[in-house]
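Values in this document were obtained by computation on a predicted structure and should not be read as measured data. Each ligand, and each atom within it, is numbered from 1 in the order the structure gives. What's counted below: heavy atoms across the whole structure, side chains too, no hydrogens, waters or symmetry copies.
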Amino acid sequence: MSHPLRVFSGMRPTGKLHLGHVLGALNNWVEMQKTYQCIFGVVDWHALTTEYENVGDISGNVVEVAIDWLAAGIDPEKSTLIIQSLVPEHAELHLLFSMIIPMPWLERVPTYKEQQKQLQGKDLSTYGFLGYPLLQAADILVYRANAVPVGEDQLPHIELTREVARRFNFLYGEVFPEPQSVLTEVPNLPGTDGRKMSKSYNNSIMLCDSPGETGSKVLKMMTDPARVRRHDPGNPEVCPAFTYHRVFTEGEKLPEIEQGCRTAGIGCTDCKKILVQSMQRFMEPIYGRRQSWEGRRSEVLDLLVEGSRKARALAEETMAEVRQKMHIHYGR
Ligand code: TRP
Ligand code: SF4
């Protein structure tokens with residue numbers, strides 16, 4: 001394979017990751033490492049679009065996110081791990097794209113108004129926040145990535161990326177492939193209280209949780225609220241613990257658990273004890289890898305710096321072509 005297809009994806013450094021990130025993204029990334037040339041970026045500039053008043057956490061969070069990637073099975077021998085701001089070509093390409101993208105393309109991206117509404121405590125009437133998806137387009141196109149693994153919420157951003165690639169190619173000549181989004185088909189994993197899993201709700205199972213912590217979170221997890229007493233039959237369809245069983249417990253055990261629940265043959269505590277075992281089996285290798293990287297933070301940072309250096313060489317190749325096509329290369 002002389003020209004393997006290239007993949008780029010990124011995450012903002014917002015802190016430690018939870019199980020939702022593994023199922024929603026990282027498992028897919030780990031899988032893609034086998035067949036693609038993957039570049040994964042901790043996108044610190046993207047974090048600034050909403051956290052510009054609160055920059056203290058960003059650099060620490062960059063390393064936390066990278067450790068969680070490694071814990072989830074991202075292999076730095078196979079994939080290139082970068083910090084966005086260490087590859088300034090992302091910013092240069094973003095600037096050049098800003099010359100050719102009509103404002104309405106950015107204003108109509110659905111996440112723009114939604115996020116502004118959701119994060120009302122923050123002043124997001126900034127230039128940088130409007131440009132968020134264009135910076136994302138630059139992340140992807142600076143490596144001429146062919147595929148981008150993302151969650152459903154990101155589809156409009158990938159569509160915009162394709163439109164920007166087309167517009168550039170039309171104006172200056174063919175440089176960029178149009179990247180495909182690769183959707184992660186995820187069973188949506190709720191938080192332990194049945195709401196959306198989110199660190200801010202304190203209902204998440206974190207990758208850094210020990211098997212013991214995972215176990216106690218699972219045992220406290222919400223169940224079918226209508227099942228009050230042991231002899232009440234339950235309904236697995238409305239039980240967050242059963243959603244977890246579907247993901248983590250071997251398929252052949254599920255009918256028995258389901259039947260046990262509906263007939264009150266099994267109690268919630270016993271049901272969740274089975275789940276604890278399934279989850280610990282899943283989490284153990286993740287936890288082990290996390291423990292081992294945790295003590296080697298400076299190595300993790302070195303790895304990101306080295307990855308960024310390698311990625312920069314690829315980004316430079318693209319930018320040389322871009323500058324030439326736009327007649328701003330001055331013999332470089
Ligand atoms: N916007 C993405 C998110 O919030 C993060 C991101 C930034 C990204 N640049 C990217 C994802 C490039 C894929 C490709 O999840
Ligand atoms: Fe949920 Fe299991 Fe209790 Fe049924 S028995 S309500 S599936 S925890």
Is it true that atom CD of E237 has more than 12 heavy atoms of other residues, nucleotides or ligands lying nearer than 6.0 Å? yes
Using a 6.0 Å cut-off, check whether atom CD of Q277 has over 12 heavy atoms from anything other than its own residue. no
Per-atom filter on ligand 1: closer than 4.0 angstrom to a heavy atom of Y132 are 1 (N), 2 (C), 3 (C), 4 (O), 5 (C)
For ligand 1, which atoms sit closer than 4.0 Å to a heavy atom of D139? 7 (C), 9 (N), 10 (C)
Establish, from distance only, whether the side-chain atoms of T111 and E114 form a donor-acceptor pair under 3.5 Å. no
Counting heavy atoms only, which part of L135 comes closer than 4.0 Å to ligand 1: side chain, backbone, both or neither? neither
State the atoms of ligand 1, each with its element, that fall below the 4.0 Å cut-off from a heavy-atom position in R12. 4 (O)
Geometric N/O contact S9 with ligand 1, under 3.5 angstrom: no
Sub-4.0 Å atoms of ligand 1 with respect to non-hydrogen atoms of H46: 7 (C), 9 (N)
Going by the atom numbers of ligand 1, which of them fall below 4.0 Å from some non-hydrogen atom of V148? 13 (C), 14 (C)
Single hit among K16, R289, R290 for side chain to side chain donor-acceptor pair (under 3.5 Å) with D68: R290
For atom 8 (C) of ligand 1, what's the nearest protein heavy atom and its distance? Q136 NE2, 3.4 Å
Can you pull the residues with any heavy atom under 4.0 Å from ligand 2? T223, D224, R227, C239, A241, F242, C261, C268, C271
Inspect the surroundings of CD in E152 and state if more than 12 heavy atoms from other residues, nucleotides or ligands are less than 6.0 Å away. no
M103 atom CE: more than 12 heavy-atom contacts under 6.0 Å: no
Transitively linked via ILVMFWY side-chain contacts under 4.5 Å: L23 with M206? no
Among Q115, E53, E51, whose side chain to side chain donor-acceptor pair (under 3.5 Å) with K122 holds? E51
